[in-house]
Protein chains: 2
Amino acid sequence: MDSIDRNILVALQHDGASGLAELAKVAGLSVSATAERVKRLEERGTIRGWRADLDPAAVGCPLLAWVFVTLRPGASDAKFRDGLAPFEHVLECHAVSGPWSYMLKLRVAGLPELEAFVAGELRRKAGVERTETVLALSTVKETAILPVAPPDDEEA
Amino acid sequence: MDSIDRNILVALQHDGASGLAELAKVAGLSVSATAERVKRLEERGTIRGWRADLDPAAVGCPLLAWVFVTLRPGASDAKFRDGLAPFEHVLECHAVSGPWSYMLKLRVAGLPELEAFVAGELRRKAGVERTETVLALSTVKETAILPVAPPDDEEA
DNA sequence: GATGTTCCGGTCAATGCTGTCCATCGCCGC
DNA sequence: GCGGCGATGGACAGCATTGACCGGAACATC
């Protein structure tokens, strides 16, 4: 993982469909050497996959919300976690520090769908005791592009 | 935007590099008809781009945190928002409901970097009055794959 | 300390595939 | 019946992939 790899990763996060020829120019290598590096990054797991980045509103999920959750005493964490997997509008679920057990990130069509999920799935099932919901009023910035930092010193 | 388009979008979110031939099989169309649909989805803005999905830990950002922020009375929202843009470890920034003005999602190398940003950039600059930081202890689920819902009725 | 060997990573060239373009056909609405 | 949108199929061009060859660094041997 040298600075060439990092340049490749930065470029691929911004545009993963521009082709190896252009990527090779960024990397300063030949096309095949660039392809070899990309392949290695995939095998190592640094590149987990290739995704189309969609407009949430265009696919019917304009509403963004987070739900903080506390489980009932004695409730099963594993059961709660597994229960969330099938819900595809649950984009994220993290165990968090602070007064809450978990924090979920949701994308839904509207408030009725949000309420249905929180009241129905979370509270009724899944051993959830208390919840607190935060709505996104507007989004200033939202990206999945990670900062690709040098391992220690040096700044490209 | 019919059910074929939705199937295409679902497939492209899971694997955007498998090629048109395989995508055409999913869509049940010829290769060129599939390509035409993908092109239209890009032009319409439904597909915003093509990204490599990276492992955060592998690129040096293992720590995930959210920072809730309240601006000082009279502070400029626009200035705050614009000030965040250059920080690439700020993945998200939303104006939110509830007691806080904004909620930021951060990916950083470790606690020192997190503290440096919150204390230095947010509190000292940018007109921030109060902050509250939530750390991710573990991540159960984290995806950018959106549910591609039918516009109204019907379920594929 | 010098030299030979091996391995890793790069370039270059050829091949196979795949995405793109175009003409044609079928279907639906007017 | 006519016009337009969308899908089909084939031909072409461009690109990714593969293999052979080359160079340098690390290690072992003399």
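Please read these numbers as outputs of a predicted model, since none were measured by experiment. So that the names make sense, note that chain A is the first sequence line, chain B the second, and so on, each numbered from 1.
Atom pair A:Leu12:CG and D:dA16:P shows a separation of 12 Å (rounding to whole Å applied). Distance CG (B:Leu29) to P (D:dC5): 19 Å, rounded to an integer number of Å. Across the protein-nucleic acid pair, B:Asp5 atom CG and D:dG6 atom C1' stand 12 Å apart, rounded to whole Å. We find that CG of A:Asp2 is positioned 13 Å from C1' of C:dC8, with the value rounded to whole Å.
Atom CZ of B:Arg37 is separated from atom CZ of B:Arg40 by 6.5 Å, given to the nearest 0.5 angstrom.
For the segment residues 17-26 of chain B, the set of residues with a heavy atom within less than 4.0 Å of an atom of DNA chain D is empty. At a non-hydrogen distance threshold of 4.0 Å, nothing from residues 34-43 of chain B comes into contact with DNA chain C.
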Contact state string [nucleotides 19-26 of chain D, B base, S sugar-phosphate only, - no protein heavy atom under 4.0 Å]: --------
Throw together a table of side-chain donor-acceptor distances under 3.5 angstrom for residues 142-149 of chain B, partners on residues two or more places apart or in other chains.
| unit_1 | atom_1 | unit_2 | atom_2 | d |
| --- | --- | --- | --- | --- |
| B:Glu142 | OE1 | B:Arg107 | NH2 | 2.7 |
| B:Glu142 | OE2 | B:Lys105 | NZ | 3.1 |
| B:Glu142 | OE2 | B:Arg107 | NH2 | 3.1 |
| B:Thr143 | OG1 | B:Ile145 | N | 2.9 |

For residues 17-29 of chain B, which side-chain N or O atoms pair as donor and acceptor with protein atoms under 3.5 Å away, sequence neighbours left out?
none

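Looking at B:Leu41, B:Thr46, B:Ile47 one by one, the single match for side-chain contact (heavy atoms from CB on, under 4.5 Å) with B:Ile8 turns out to be B:Leu41.
One hydrophobic cluster, built from ILVMFWY side chains closer than 4.5 Å, cannot hold both A:Trp100 and A:Leu91; they sit in different ones.
The hydrophobic cluster containing B:Leu63 also includes A:Val140, B:Val67, B:Val69, B:Leu71, B:Phe80, B:Leu84, B:Phe87, B:Val90, B:Tyr102, B:Leu104, B:Leu106, B:Val108, B:Leu111, B:Leu114, B:Phe117, B:Val118, B:Leu122, B:Val128, B:Leu135, under a criterion of side-chain heavy atoms closer than 4.5 Å among ILVMFWY residues, counted directly or through chains of members.
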